[in-house]
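For the single chain, residues carry numbers from 1 onward in sequence order.
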Amino acid sequence: MKSIENRVASRVSQLLAAASLVAASTTSLGQVDPYAAPPGYYSGVAGSGAALKSSLLSAISSGHNQQNYGAFRFSAPIHDADPATPGNIILVYNLASVSGAWDSGSTWNREHVWPQSLQPGSVSNSSTGNLGDPHALRPANPSVNTARGNKPFGFASTTGSFGSQGSFYFPGDTDKGDIARSLFYSATRYSSTGLTLVDGAPGSNQMGGLADLVAWHYLDIPDEFERRRNHAIYSDVLNPTYHTDNRNAYIDLPGAVWSVFVDQFNDTQLFVGGAPAADGSSTMTIDFGASLVGTIHPPQSVVIHRDGLDGTYYAVVPDAGVLTTAPLTNNFTGAFPIGPAPAQTFDVGFSPIEFFSPGNKAGQVTIDNLDYSLFGGAGRGGNDADDTIELLLDVLSPGTASFDDMTTVSTESIDLGTIAPGAGVGLPAALNVLEAALGPTAGQVFEIMSSSGDTAEIVLGLTSTLVQAGDTLPLTATLSGSGSFSATYTIGVQDDPGVLGATTRPPLTLTIEAMIGALCVGDIADDFGNLGGDGMVSFGDFLALLGLIGPCPGGLPSCTGDIADDFGNLGGDGQVSFGDFLALLGLIGPCP
């Protein structure tokens, strides 16, 4: 049994684990992602390849309220705001936090992610289209902007800080995915102007390198800053004056990138547990076992495996009442990069509120491969069926230990009367675990904690035993010796140790009394008249009988010494009288 200190430490640990899970699982609790696209925004998106790109173009161009290049001077403090420093903005590439106030480009200027020299037209404050689109512009340090010039981006294997890589430019680990998705947006929204992504050195209306951008897209997934920026450009609530009413689809639906910009043969297959089925689906069950009401089970880890070498995004979607440390944000959770990569792990568990009401709980987590490509084969890419994790939990009310099977009786005294010695004598008492009004209910373990009195002559037959709620455990005793004896046993009670949160409950007290040694009729005392048979009927029994003359106590139909009626016929008549002496005379001698 745990000490109080250990139980407190265990409880604190459970609550911390639960708090960590809650903190990482806000959207799992049914909260709305503040940066998600409004319902129906992408309702027409479907297909793969060119059809998918066309449906994305329709979604992001419908109702597009185009802003001009000049507006970016005053909208950047809204969508590029530094969340840690009010009034500041975060610059692209060097990530500096500077004042967002426009000072004619001294502190920051406007970087065209797709260089203006490599797209149609010339820029002025009135320019719209890709030249003035805030999804295609970023605030930048003037010298960093100059150093970047009109270089294309590369290489996929580059890591670390920003800077030139020969004739290419690396935007830095923090911004490489953001830059890729900005260019994907431009190549889709303004594809009618000839904007195209290519590998190698780009020509007129081109930008690159495409393979590196795709790789970065899976290595650097949209973070909160990028998702908020996307929403702030779109939203008339966050951005009343300069909102565009359109979004970057590759931030909201990152699974579309492979199908639009690579091919239709994505080879990824995600699975949990054992090997997946032919359609790519897989299942696993996590049984959290049982816990008492108010005791929180710590979360358990789940491993997502990927077969294949292509990149893919996935979504972890929990049922209500289930939490994960892989929350769903803007319709996705995470990504596997291109090439060999380790499996990914997240924790899953029930919401803490589920542990405060008894019942048999069940929940599910679904893992969805978000790729759109359809020709990679059965169970691959967009054909990869969902994977499911089934969660099971039993939350139990504590049981109540009792000697009665209906009500709570914690103290019991039984008098066996005159009884012959023997092993395994059944007692008119039993141990019960009463079910709670709100079930299901935990079982309890009974064991002898302490004893007093004549415990050598009256031995309670109880070893540590688990009794389930609603069940009864009959009790027995071993009796020995000769005489009048009494023993008291304190029976310890503890919740089923297999149930999380099990604790010690108030003990039960059982007192057993018995007159041991009456081996035959008339053998009521030893040779000195002390009550308790000695194996023969003799003068001592006459002595004892003298002291018992009179009606049986309490009006009992028979009692010790009442062995005959008034005429000496064997069979008690409710009193000790002359007839019992007559019967005793005929019984003198050893017990048969």
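Tested against Y314 for a ring-ring contact (aromatic ring centres under 6.0 Å, His included), the candidates F271, F332, F336, F346 yield a single pass: F336. Screening L253, V260, V257 for a side-chain contact (heavy atoms from CB on, under 4.5 Å) with Y372, the sole residue that qualifies is L253.
In this structure, D267 does not pair ionically with R380, as no charged nitrogen and carboxylate oxygen lie closer than 4.0 Å. Between D394 and K361, none of the side-chain N atoms (NZ, or NE/NH1/NH2) sits under 4.0 Å from a carboxylate O, so this pair counts as no salt bridge. For the pair D133 and R189, the salt-bridge criterion is not met [side-chain N within less than 4.0 Å of a carboxylate O].
The distance from the CG atom of D178 to the CG atom of N248 is 10.0 Å, given to the nearest 0.5 Å. The OG atom of S62 sits 10.5 Å away from atom CG of L57, with the distance rounded to the nearest 0.5 Å. Rounding to the nearest 0.5 Å gives a distance of 12.5 Å between OH of Y250 and CG of L213. Here T283 contributes atom OG1 and I389 contributes atom CD1; the two are 10.0 Å apart, rounded to the nearest 0.5 Å. Between N331 atom CG and D252 atom CG the span is 7.0 Å, to the nearest 0.5 Å. In this structure, NE2 in H135 is found 8.0 Å from OH in Y190, a value given to the nearest 0.5 Å.
Looking at N68 and S127, their side chains never bring a donor and an acceptor atom within 3.5 Å of each other. Between D33 and T329, the side chains place no donor N or O within less than 3.5 Å of an acceptor N or O (distance only, hydrogens not considered). Side chains of D387 and S282: a donor-acceptor N/O pair is present below 3.5 angstrom, by distance only. Counted by atom type alone, Q119 and N205 present zero donor-acceptor pairs between their side chains at under 3.5 Å. Y185 and N246 are linked by a side-chain donor-acceptor pair at a separation below 3.5 angstrom, with hydrogens and angles left out of the test. Side-chain contact check for K151 and S164: at least one donor-acceptor pair (N or O, by modelled atom type) lies under 3.5 Å. Counting only N and O atoms by type, the side chains of D103 and T107 include a donor and acceptor under 3.5 Å apart. H305 and D307 are not linked by any side-chain donor-acceptor pair at a separation below 3.5 angstrom, with hydrogens and angles left out of the test. N125 and R110 share a side-chain donor-acceptor pair at under 3.5 Å.
Around CG of L392, the count of heavy atoms belonging to other residues, nucleotides or ligands within 6.0 Å exceeds 12. Around atom CD of Q300, more than 12 heavy atoms belonging to other residues, nucleotides or ligands sit under 6.0 Å away.
Contacts of W108 classified as ring pair (Phe, Tyr, Trp, His ring centres under 6.0 Å), with partners at least two apart in sequence or in another chain: W102.
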May I have the step-by-step check of side-chain contact (heavy atoms from CB on, under 4.5 Å) for I179 and V92, ending in yes or no?
CA-CA 9 Å; I179 293 300; V92 72; 4.1 Å; yes
Begin with the C-alpha distance, continue with both residues' side-chain angles, and end with the deciding distance and a verdict on side-chain contact (heavy atoms from CB on, under 4.5 Å) for D386 and I367.
CA-CA 6 Å; D386 290 348; I367 300 173; over 6 Å; no
Report the C-alpha separation of L374 and Q264 in whole Å, then their side-chain angles, then the decisive distance to 0.1 Å, and conclude whether the side-chain contact (heavy atoms from CB on, under 4.5 Å) test is met.
CA-CA 6 Å; L374 298 177; Q264 307 314 306; 5.8 Å; no
Which is it for H79 and Y234 under the ring-ring contact (aromatic ring centres under 6.0 Å, His included) test, yes or no, and what are the steps along the way?
CA-CA 9 Å; H79 42 66; Y234 157 84; over 10 Å; no
As a quick check of understanding, evaluate side-chain contact (heavy atoms from CB on, under 4.5 Å) for I60 and Y41, giving each step before the final call.
CA-CA 9 Å; I60 64 179; Y41 186 87; 4.2 Å; yes
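Contact detail for L393 and S291: the closest heavy-atom pair is CD1-OG, 4.3 Å. Considering all non-hydrogen atoms of both residues, T268 and T312 come closest at OG1-CB, 3.6 Å. Of all heavy-atom pairs between F375 and N383, the closest is N-ND2, 4.4 Å. Shortest non-hydrogen contact noted between D220 and T174 is OD2-O, 3.1 Å. When every heavy atom of N150 is checked against every heavy atom of S117, the shortest pair comes out as ND2-OG, 3.2 Å. Between D384 and G280, the shortest heavy-atom contact is OD1-O, 3.2 Å.
The closest side-chain heavy-atom distance from L292 to F355 is not below 4.5 Å. Counting heavy atoms from C-beta outward, S97 and N88 have side chains that approach closer than 4.5 Å. For the pair E111 and P139, the minimum side-chain heavy-atom distance is 4.5 Å or more. Within the 4.5 Å cutoff, the side chain of T158 has heavy atoms near those of the Q165 side chain. V348 is not listed as a side-chain neighbour of S301, based on a closest heavy-atom distance of 4.5 Å or more. The shortest side-chain heavy-atom distance between D175 and L95 falls under the 4.5 Å cut-off. Between H231 and L238 there is a side-chain heavy-atom pair separated by less than 4.5 Å. Two residues are said to be in side-chain contact when any heavy atoms from C-beta on lie closer than 4.5 Å; S143 and T146 fail this criterion.
Between F261 and H217, the gap from one ring centroid to the other reaches at least 6.0 Å. Aromatic rings of Y242 and F72 (six-membered ring for Trp) have centroids beyond the 6.0 Å cut-off, not under it. Ring centroids of W216 and F170 are separated by less than 6.0 Å, placing the two rings close together.
Judged by the 6.0 Å distance and 45° axis criteria, R227 is not positioned over the aromatic ring of Y35. The cationic atom of R148 (NZ for Lys, CZ for Arg) does not lie both less than 6.0 Å from the six-membered ring centre of Y93 and within 45° of the ring axis.
Of the possible donor and acceptor atoms, none in the side chain of H297 sits under 3.5 Å from a partner among the backbone N and O of F350. Side-chain atoms of D199 come within 3.5 Å of backbone atoms of L210 as a donor-acceptor pair (strictly under, hydrogens ignored).
The aromatic rings of F168 and F155 sit tilted, their planes meeting at an angle between 30° and 60°. Below 30°, between 30° and 60°, or above 60°: for F153 and Y169 the angle between ring planes is above 60°, a perpendicular geometry.
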